[in-house]
Amino acid sequence: MTGKGKESEKTEIKCIRNGFKMEDAFERLYKRSKHFSIEKMELLFYPYLLIEYEVKYRGRLERLSGNVLVLCDMWRGQFSMAKTAGDFTKIEVDESSLVPVKYDKERAVSEGSRTVYGEIQTKKKVLNIPDIEYIYDELIYKPFYIVECLNDDKEIFHILFDAVNGDFSLLNA
């Protein structure tokens with residue numbers, strides 16, 4: 001042993017391309033307030049399952065048929081509709097920077113179709129139930145920065161910075 005400690009294993013992931021680099025996060029946060037300092041910033045990758053379904057109507061509603069995308073948060077099991085497939089890149093990352101997958105993939109695929117059906121009922125207000133068929137799924141990751149900060153009273157707090165769209169939120173006060 002060389003005394004350097006164990007290196008984290010590397011793994012290749014498919015990641016949503018981030019529009020905000022670490023420097024951008026620093027700049028954006030400091031523009032918000034000068035009453036804190038950034039002590040540390042770490043990149044974290046959050047898991048989602050991107051699921052595609054084909055929605056098939058019959059008869060007069062056949063023109064509404066098409067493919068839809070659902071995102072499943074693979075940590076909490078929450079679902080949302082995706083507007084587009086997104087812009088992705090494959091990158092190699094330390095496994096220690098990945099939030100673990102806790103939600104079952106098969107369950108996500110089966111429950112995702114309910115999200116599609118609920119969205120159809122809400123948005124289109126149709127009475128006919130379309131066929132909803134699974135097409136494919138893939139595990140993707142979204143990058144976030146976990147920012148450790150120190151306020152004027154020397155109290156530590158953390159900010160979650162979305163590296164894709166630049167939004168941020170306070171994790172603890």
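Numbers here are sequence positions counted from 1.
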Side-chain heavy-atom pair L49, V70 within 4.5 angstrom cut-off = no

Show me the donor-acceptor pairs within less than 3.5 Å that the side chains of residues 132-140 make with the rest of the protein, sequence neighbours left out.
residue	atom	partner	partner atom	Å
E133	OE2	K56	NZ	3.4
Y134	OH	D137	N	3.3
Y134	OH	D137	OD2	2.4
D137	OD1	K105	NZ	3.2
E138	OE1	K14	NZ	2.9
E138	OE2	K14	NZ	3.2

Nearest atoms (heavy-atom pairs only) where A82 meets L71 = CB-CG, 4.2 Å

Considering residues at least two apart in sequence or located in another chain, which fulfil the ring-ring contact (aromatic ring centres under 6.0 Å, His included) criterion with Y30?
-> F36

N/O donor to acceptor pairs below 3.5 angstrom from side-chain atoms of residues 59-69, sequence neighbours left out:
residue	atom	partner	partner atom	Å
S65	OG	Y57	N	2.8
S65	OG	E62	O	3.0
N67	ND2	E52	OE2	2.5

Taking every non-hydrogen atom, the tightest pair across A163 and N18 | O-CB, 3.1 Å

Check the pair T115 / M81 against side chain to side chain contact (heavy atoms under 4.5 Å, CB included), numbers first and verdict last.
-> CA-CA 8 Å; T115 300; M81 299 297 293; 3.9 Å; yes

Expected list for residues 37-44: side-chain donor-acceptor pairs under 3.5 angstrom, two or more places apart:
residue	atom	partner	partner atom	Å
S37	OG	E39	OE2	2.6

Using the salt bridge (Lys or Arg N to Asp or Glu O under 4.0 Å) rule, take R76 and D73 through it: C-alpha gap first, then chi angles, then the decisive distance, then the call.
-> CA-CA 6 Å; R76 295 179 295 177; D73 173 330; 3.0 Å; yes

Provide the closest heavy-atom pair for S113 versus Y53 in the form atom of the first, atom of the second, distance.
-> N-OH, 3.3 Å

What distance do E106 atom CD and D104 atom CG have between them, rounded to the nearest 0.5 Å?
-> 5.0 Å

Below 4.5 Å, heavy atoms only, C-beta onward: do L29 and F168 meet side chain to side chain?
-> yes

Got more than 12 heavy atoms from elsewhere within 6.0 Å of CZ, R58?
-> no

Going through the distances and angles, do Y103 and E111 end up as a side chain to side chain donor-acceptor pair (under 3.5 Å)?
-> CA-CA 11 Å; Y103 202 71; E111 291 180 2; 2.5 Å; yes

Taken to the nearest 0.5 Å, the spacing of K90 NZ from C15 SG works out to 12.5 Å

Out of curiosity, E119 CD to R114 CZ, how far, rounded to the nearest 0.5 Å?
-> 16.0 Å

Between CH2 of W75 and OH of Y46, what distance do you get to the nearest 0.5 Å?
-> 7.5 Å

Using a 4.5 Å cut-off on heavy atoms from C-beta on, say whether the side chain of D131 contacts that of V55.
-> no

Taking all non-hydrogen atoms of both residues into account, name the closest pair between P143 and F45 and its distance.
-> CB-CE2, 3.9 Å

Do E54 and V116 have side-chain heavy atoms sitting under 4.5 Å apart?
-> no

Could you tell me which non-hydrogen atom of A108 sits nearest to which non-hydrogen atom of C72, and how far apart they are?
-> CB-SG, 3.7 Å

Write down the atom of D162, the atom of F20, and the distance for their closest heavy-atom approach.
-> O-CD1, 4.4 Å

Find the distance between OG (S80) and OH (Y48) and round it off to the nearest 0.5 Å.
-> 7.5 Å

Could you walk me through whether D87 and I16 pass side chain to side chain contact (heavy atoms under 4.5 Å, CB included), step by step?
-> CA-CA 6 Å; D87 185 17; I16 301 172; 5.9 Å; no

With sequence neighbours excluded, residues passing salt bridge (Lys or Arg N to Asp or Glu O under 4.0 Å) with D167 = none

Could you pull out all residues at least two apart from D94 that satisfy salt bridge (Lys or Arg N to Asp or Glu O under 4.0 Å)?
-> K10

Pairwise distance CD1(I156) to CG(N151) - rounded to 0.5 angstrom = 9.5 Å

